[in-house]
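Report on the following structure.
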Number of protein chains: 2
Amino acid sequence: MQNRLTIKDIARLSGVGKSTVSRVLNNESGVSERTRERVEAVMRQQGFSPSRSARAMRGQSDKVVAIIVTRLDSLSENLAVQTMLPCLYEQGYDPIMMESQFSPARVEEHLRILRQRNIDGVILFGFTGIDEALLAPWRSMLVLMARDAAGFTSVCYDDEGAIQILMQRLYQQGHRHISYLGVPHSDVTTGMRRHHAYLAFCDAHHLTPHAVLPGLAMKQGYERVADVLHDDTTALVCATDTLAIGASKFLQQHHAKPIQLASVGNTPLLKFLHPEIITVDPGYAEAGRQAALQLIAQINQSSDPQQIVIPSSLI
Amino acid sequence: MQNRLTIKDIARLSGVGKSTVSRVLNNESGVSERTRERVEAVMRQQGFSPSRSARAMRGQSDKVVAIIVTRLDSLSENLAVQTMLPCLYEQGYDPIMMESQFSPARVEEHLRILRQRNIDGVILFGFTGIDEALLAPWRSMLVLMARDAAGFTSVCYDDEGAIQILMQRLYQQGHRHISYLGVPHSDVTTGMRRHHAYLAFCDAHHLTPHAVLPGLAMKQGYERVADVLHDDTTALVCATDTLAIGASKFLQQHHAKPIQLASVGNTPLLKFLHPEIITVDPGYAEAGRQAALQLIAQINQSSDPQQIVIPSSLI
DNA sequence: CTGTTAGCGCCTTCAC
DNA sequence: GTGAAGGCGCTAACAG
């Protein structure tokens with residue numbers, strides 16, 4: 001498996017000096033067309049690839065980034081990561097994966113490890129409780145997902161827009177008693193912003209809001225959805241697909257009267273289990289792509305930190 | 001973010017030579033207790049951590065392994081990866097993630113990339129269609145998951161045992177008309193072995209087998225389960241949790257008569273959706289741990305390739 | 001026990 | 001345009 005050949009070998013084989021090979025390798029100017037072609041031919045034919053470690057040591061980056069997801073089995077994060085990976089590989093970056101399991105301590109621990117590795121950048125899926133002070137040293141090479149923080153690059157979903165689209169749609173369909181199943185405000189984006197958007201819509205359209213904010217888990221949706229179902233309720237908006245799955249299970253078991261569900265997520269699982277649910281795609285795939293590209297841009301110093309918002313779209 | 005200090009700095013600060021620092025760093029013998037402590041103190045106090053790239057260049061191993069999953073959102077693979085990661089980190093290995101999406105071409109492409117990176121090892125989740133010839137060069141540093149191949153290290157589930165446990169249990173409960181929903185034989189482990197175990201049990205207990213083998217997807221389970229449901233069917237064994245979810249959906253919609261479901265998987269999702277299903281845990285967590293440990297052992301040349309089978313257990 | 005000396009593979013002056 | 005020389009941070013012989 002060893003990469004036995006070095007630029008020295010290539011140099012010898014193509015009858016030039018090491019530096020010329022190096023120049024060709026880095027696409028530097030100042031090499032005659034003929035020489036360049038000859039060297040490239042030898043490299044190709046020998047299947048040469050330069051040693052990452054050696055380059056890294058010489059001060060370049062080792063082209064490694066970390067992706068810290070909350071959970072490996074998060075439906076939404078999976079969709080974003082799925083598009084990140086190809087973007088990163090395309091640019092020659094290797095993504096190493098870590099799982100925070102919603103534990104700030106684990107994030108801290110992971111960042112500690114990463115600092116030692118002198119990694120190029122980090123994509124971190126945010127959640128409640130992360131200490132921003134911890135992230136400060138990474139400011140220039142960190143992309144925060146699904147959460148924003150002043151001075152940091154972030155890729156967020158259009159929380160308000162997503163809920164608004166859903167409510168609008170339900171309203172158009174004639175629903176006037178729409179309940180809401182969400183996440184506590186300690187979660188600023190998925191929790192507070194989406195809930196506020198729901199309240200705002202209700203207010204603007206003179207609807208009576210009925211909301212409960214149990215949390216992110218299916219089980220929590222299942223156990224608490226009953227609290228917002230009244231006799232006149234005809235529709236229910238869920239802050240996430242995961243909650244919607246929980247709610248659906250409850251409705252199937254306990255509720256004869258049909259309730260129109262709507263949720264933000266567009267995950268394949270929900271799509272399969274309950275295609276009848278109205279869904280908004282928060283643009284997970286696009287978010288993944290943007291995050292990867294933005295991180296690389298910042299690593300290359302060709303972009304400054306900025307906050308990106310991905311538009312939602314009705315399916 | 002840069003690790004400005006080098007062993008040279010540490011050497012100067014603690015009044016010793018570079019090599020002594022290096023010795024301390026690698027826990028080599030032949031350093032007096034006093035010196036070692038002094039150097040360690042300086043390192044700690046300076047928050048020193050050696051440059052990976054430099055070590056890699058000298059030593060060969062950059063302590064990076066790849067995990068190639070079929071899909072980021074595979075319920076079972078997630079469970080295995082979840083235990084792998086901590087094992088790998090503990091030993092100082094960084095895991096980079098890749099997704100094959102069941103495409104042999106992608107596996108080939110990924111391995112090509114990995115070869116250039118002169119990576120230390122690979123954990124590959126197997127599936128139908130992978131060309132073993134491609135894996136040959138990796139033999140000594142590859143762990144194949146959920147599939148075995150002669151001469152390769154593999155971590156497999158006890159397919160026969162899992163099905164047998166399920167059948168046994170159903171039989172004990174009095175079921176005599178047990179159908180089977182599985183995966184085509186082109187998939188040797190999840191497909192053929194589990195199916196054969198089903199047939200063997202039926203044969204041994206004089207039951208009439210009714211099986212259909214649509215594939216791995218929920219949708220396939222949903223669409224084909226009807227084909228094995230007869231008037232006298234009282235139980236259904238599914239080769240995977242994913243299929244069971246598909247089947248459950250169908251049963252909920254179309255089947256008044258209760259059917260006892262059983263499946264191998266023990267994934268949290270199924271557990272939540274249908275806790276009443278009888279489940280066998282193929283030991284995903286244990287498989288992940290074993291795979292990580294075995295790979296590391298092989299990298300350290302302290303173990304030869306071997307085939308590991310994880311025992312199943314009834315929940 | 002410890003310091004000195006060579007490189008590992010690559011990039012970067014600096015001469016030619 | 002091109003090659004030779006030096007050094008990145010570390011480890012691995014050597015000497016002392």
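Every chain is numbered from 1, with letters handed out A, B, ... down the list of sequences.
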Polar side-chain atom of B:Asp94 near backbone of B:Val64 as donor-acceptor pair, under 3.5 Å: no
Nearest-Å distance for atom pair CG/P, residues A:Asp62 and C:dC11: 14 Å
Interatomic distance where CZ belongs to A:Arg58 and P belongs to D:dC10 [whole Å]: 15 Å
Euclidean distance for P, D:dG6 against C:dT5 (whole angstrom): 15 Å
Sugar-phosphate, base or nothing in reach of A:Val16, heavy atoms under 4.0 Å: sugar-phosphate
Distance below 4.0 Å between A:Thr35 side-chain N/O and D:dT2 OP1 or OP2: yes
Any B:Ser19 side-chain nitrogen or oxygen under 4.0 Å from OP1 or OP2 of D:dA12: no
Length of the CG-P vector between A:Asn27 and C:dC11, whole Å: 12 Å
A:Glu28 CD to D:dG3 P, straight-line distance once rounded to whole Å: 14 Å
N/O (side chain, A:Thr20) to phosphate O (OP1/OP2, D:dT2) under 4.0 Å: no
Side chain of A:Asn26 (C-beta onward), nearest among C:dC10, C:dC11, D:dT2: C:dC11
Flag for A:Asp159-A:Thr189: side-chain donor and acceptor within less than 3.5 Å: no
Short side-chain to backbone donor-acceptor contact, A:Ser100 and A:Arg106, under 3.5 Å: no
Interatomic distance where CE belongs to A:Met57 and C1' belongs to D:dT11 [whole Å]: 11 Å
Short side-chain N/O contact to C:dC11 OP1/OP2 from A:Ser22, under 4.0 Å: yes
Atom-pair distance (NZ on B:Lys18; P on C:dG7), nearest Å: 13 Å
Base C:dG9 to side chain A:Arg52, donor-acceptor N/O within 3.5 Å cut-off: no
Base of D:dG3 paired with side chain of A:Arg23 (donor-acceptor, under 3.5 Å): yes
Pair B:Arg36-B:Asn27, side-chain donor/acceptor within less than 3.5 Å: no
Position toward the 5' end of DNA chain C (nearest nucleotide), B:Arg38 or B:Ala54: B:Arg38
Ring geometry between B:Tyr284 and B:Tyr157 (parallel below 30°, tilted from 30 to 60°, perpendicular above 60°): perpendicular
Rounded distance (Å) that lies between atom P of C:dT12 and atom CG of A:Leu25: 11 Å
Length of the line joining B:Ile7:CD1 and D:dT11:C1', which is rounded to integer Å: 8 Å
